[in-house]
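Order of the sequence lines fixes the chain letters, A, B, ..., with proteins taken first and strands second; residue numbering starts at 1 for each chain.
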2 protein chains.
Amino acid sequence: MGNTIGGVGVLDKAVDVLDALEARPLSLAELVAVTGLPRATAHRLATALERHGLVRRDSDGRFMLGTRLLSLGQAAADAWPLATAAASALASLREKTGESVQLFVRDGEERVCIAALQSLHGLRTIVPLGARLPLSAGSAARVLTSADQTAGGWIESVGEREAGVASVSAPVRDASGRVIAAVSVSGPIERTSRQPGKRYGSYVVHAAKEIESEAGLRGVDA
Amino acid sequence: MGNTIGGVGVLDKAVDVLDALEARPLSLAELVAVTGLPRATAHRLATALERHGLVRRDSDGRFMLGTRLLSLGQAAADAWPLATAAASALASLREKTGESVQLFVRDGEERVCIAALQSLHGLRTIVPLGARLPLSAGSAARVLTSADQTAGGWIESVGEREAGVASVSAPVRDASGRVIAAVSVSGPIERTSRQPGKRYGSYVVHAAKEIESEAGLRGVDA
DNA sequence: GTTTGCGTCTCATATAATGGGACACTAATC
DNA sequence: GATTAGTGTCCCATTATATGAGACGCAAAC
C-alpha cells in the first residue's frame with residue numbers, strides 16, 4: 001500500500017520512543033504505557049535504537065537516551081557557529097544582569113534556544129538548550145518576527161509568554177541587516193520590574209552587537 | 001517475511017542519514033552519494049526526519065542536523081550527572097596543566113567522552129564530546145578496565161592510542177569503590193614529556209577526588 | 001505451589017517502505 | 001531560442017518489511 005503520510009511509520013514510532021525517554025529513563029512497561037505502543041513493538045524499536053547507540057540501558061535495565069546523541073547534539077550545535085560566537089557575550093550579559101540569558105533563532109513557525117545560561121538566583125526562569133518556544137509570544141518572538149528597527153533597539157514583554165516572567169530582547173543582524181537571532185534576558189517580574197527594558201535594554205543591545213562582531217557578521221565594534 | 005537482523009530497516013537507513021549529516025550539511029545528491037541510498041529513498045527519509053526536527057534545511061536547501069538534536073543531546077548529557085559535577089574540576093585541571101582534559105565512561109566495549117575541555121595551545125589533542133574511543137588503548141582505557149588500585153593512583157600512556165600523544169588518567173570511583181569514570185589529561189609528547197605521570201599525575205588524581213566529592217559519591221574532601 | 005510481574009522471542013499476516021522513473025524547474029552551454 | 005545537465009520532488013505497482021498477539025522463561029511476591 002501507500003507510503004506513510006502522517007505518523008504511522010517505524011521512524012515516527014522510533015521518534016516517539018526517543019521523546020518518551022527524553023524526560024527520564026523508562027522500563028519497558030513504562031515505555032509501553034507512555035508511548036501507547038504494543039509491548040513487542042516498543043521492545044523491538046528500543047533495542048534497535050540501542051544498536052545504534054541512540055538508546056542505552058541503565059544498571060536496572062531501563063531504557064534511556066544513548067551516548068550517540070551526545071555527539072549528534074554536539075554536531076548540531078556546531079552547525080550554528082553563532083552559538084559558539086555568542087558564548088562570551090552571553091556570559092558577560094548574565095554577569096551584568098544576574099538573570100537568565102538566551103539566544104534564539106527562528107526555525108519554521110517556532111523559535112529555538114540555541115544557547116542559554118541560567119541565572120544564579122534561587123528563583124529563576126529556565127529555558128533549556130534546544131527548547132522550542134512559540135513565535136507568538138515573548139519579547140524574543142517579537143524581535144524575530146518584526147523585521148524593522150525598534151525604539152532603543154530592544155523589545156520588552158511582561159507576563160506575555162508565561163505569567164510572572166518579564167524579558168527584554170534585541171536582534172542580532174547579519175551583514176545585510178536581516179534579523180537572524182535574538183538575545184534575551186528574562187527573570188521574575190519581582191526582580192526585573194515592570195519596565196525591564198529600562199533596566200536591561202542597553203545591556204542586551206550591547207550583547208547583540210558583541211555577538212555580531214564576534215561572529216564576523218558586520219563591521220567591527222559596537 | 002522476517003524481521004530486520006542487521007542494518008536493512010528504515011531505522012537503520014535513517015541513522016545512516018544522520019551519520020552522514022553529522023560531518024557537514026549535504027545536498028540531496030551528496031547525501032545519496034555518501035549513504036549509497038537510492039535518490040527517492042534518501043529524499044523520503046530526510047524529509048521524514050525533517051518533520052521530526054531531527055533534520056533541517058539550510059538556506060540553500062541542503063540537509064543538516066536539526067534543532068531537535070540539541071534538546072535530545074542536552075537530555076542525554078543530563079543523564080550523566082557526573083558530567084555536570086565534573087565541570088569545575090575539569091576547568092581547573094585544564095588551567096593547571098594547560099592541556100586538553102576529558103572525562104570518559106565505559107559504554108559497552110568502548111569508552112565515551114562525556115565531558116571535555118580543549119587545550120588553549122595551538123597544537124593540541126582534540127577529543128570531541130560524545131566521541132567513542134577503543135577500550136583497548138590509552139591510559140583512560142586502562143583505568144576503566146583494570147579494577148584495582150595503581151601506583152600513585154594514576155596511569156600514563158605514551159603514543160599508545162595515537163602517535164605523538166601522551167596522556168595520564170585517574171579513576172573516579174563510586175561509594176563501593178568501583179571505577180565509574182576516568183579523568184584524563186592528554187597532549188603532544190613534545191610538551192608532556194615521556195613521563196607525563198610525573199608531571200601531571202597528582203593533578204589528575206586530585207581532579208578525580210574532586211569530582212567524586214562534588215558528585216556526592218564518596219565522603220567529603222580529597 | 002501459585003500467581004503476577006517482568007523482559008524477550010517467534011512467526012503468520014498484511015502493512016508500510018521501496019525505488020525506477022516521470023515531472024517541474026533552473027542554470028549553463030550550444 | 002533550443003538543448004543539455006543538473007537540481008529537488010512525487011507517484012504507485014511490487015514485495016520486502018514491520019507488525020503484534022501470544023508463547024516462553026525467569027524472578028519475586030503471595
Rounded to whole Å, how long is the line connecting atom [atom1] of [X] with atom [atom2] of [N]?
{"X": "A:Phe63", "N": "C:dC6", "atom1": "CZ", "atom2": "C1'", "value": "12 Å"}
{"X": "A:Asp60", "N": "C:dC6", "atom1": "CG", "atom2": "C1'", "value": "13 Å"}
{"X": "B:Leu11", "N": "D:dT19", "atom1": "CG", "atom2": "C1'", "value": "14 Å"}
{"X": "A:Arg62", "N": "C:dC6", "atom1": "CZ", "atom2": "C1'", "value": "14 Å"}
{"X": "A:Leu28", "N": "D:dC24", "atom1": "CG", "atom2": "C1'", "value": "15 Å"}
{"X": "A:Lys13", "N": "D:dT19", "atom1": "NZ", "atom2": "C1'", "value": "7 Å"}
{"X": "A:Leu31", "N": "C:dC6", "atom1": "CG", "atom2": "C1'", "value": "14 Å"}
{"X": "A:Glu30", "N": "C:dG5", "atom1": "CD", "atom2": "C1'", "value": "13 Å"}

Q. Does A:Arg111 use its side chain to pair, donor to acceptor, with the backbone of A:Leu144 at less than 3.5 Å?
A. no
(Q) Please check: side-chain N/O of B:Arg124 versus main-chain N/O of B:Ser119, any donor-acceptor pairing under 3.5 Å? (A) yes
Q | Single hit among A:Leu133, A:Leu135, A:Val112 for side-chain contact (heavy atoms from CB on, under 4.5 Å) with A:Phe104 | A | A:Leu133
Think [X] has a side-chain N or O under 4.0 angstrom from the OP1 or OP2 of [N]?
{"X": "A:Arg44", "N": "D:dG20", "answer": "no"}
{"X": "A:Thr41", "N": "D:dG20", "answer": "yes"}
{"X": "B:His43", "N": "D:dG8", "answer": "no"}
{"X": "B:Arg39", "N": "C:dG20", "answer": "no"}

Q: Would you kindly say whether B:Ser100 and B:Ser186 are connected by a side-chain donor-acceptor distance under 3.5 Å?
A: no
Q) So what does B:Ala40 hit on the nucleic acid, given a heavy-atom distance under 4.0 Å: a base, only sugar-phosphate, or nothing? A) base
Q.
Once you apply a heavy-atom cut-off of 4.0 Å, does A:Ser27 come out as touching a base, just sugar-phosphate, or nothing?
A. sugar-phosphate
Q: Can you figure out which of C:dG7, D:dG8, D:dA21 approaches the side chain of B:Ala29 most closely?
A: D:dG8
Q) Atom CD in A:Glu30, atom CG in A:Leu21: separation rounded to 0.5 Å? A) 10.0 Å
(Q) Let me spell it out: for each of B:Leu37 and A:Gly61, pick the nucleotide of DNA chain C with the closest heavy atom. Which residue's pick is nearer the 5' end? (A) A:Gly61
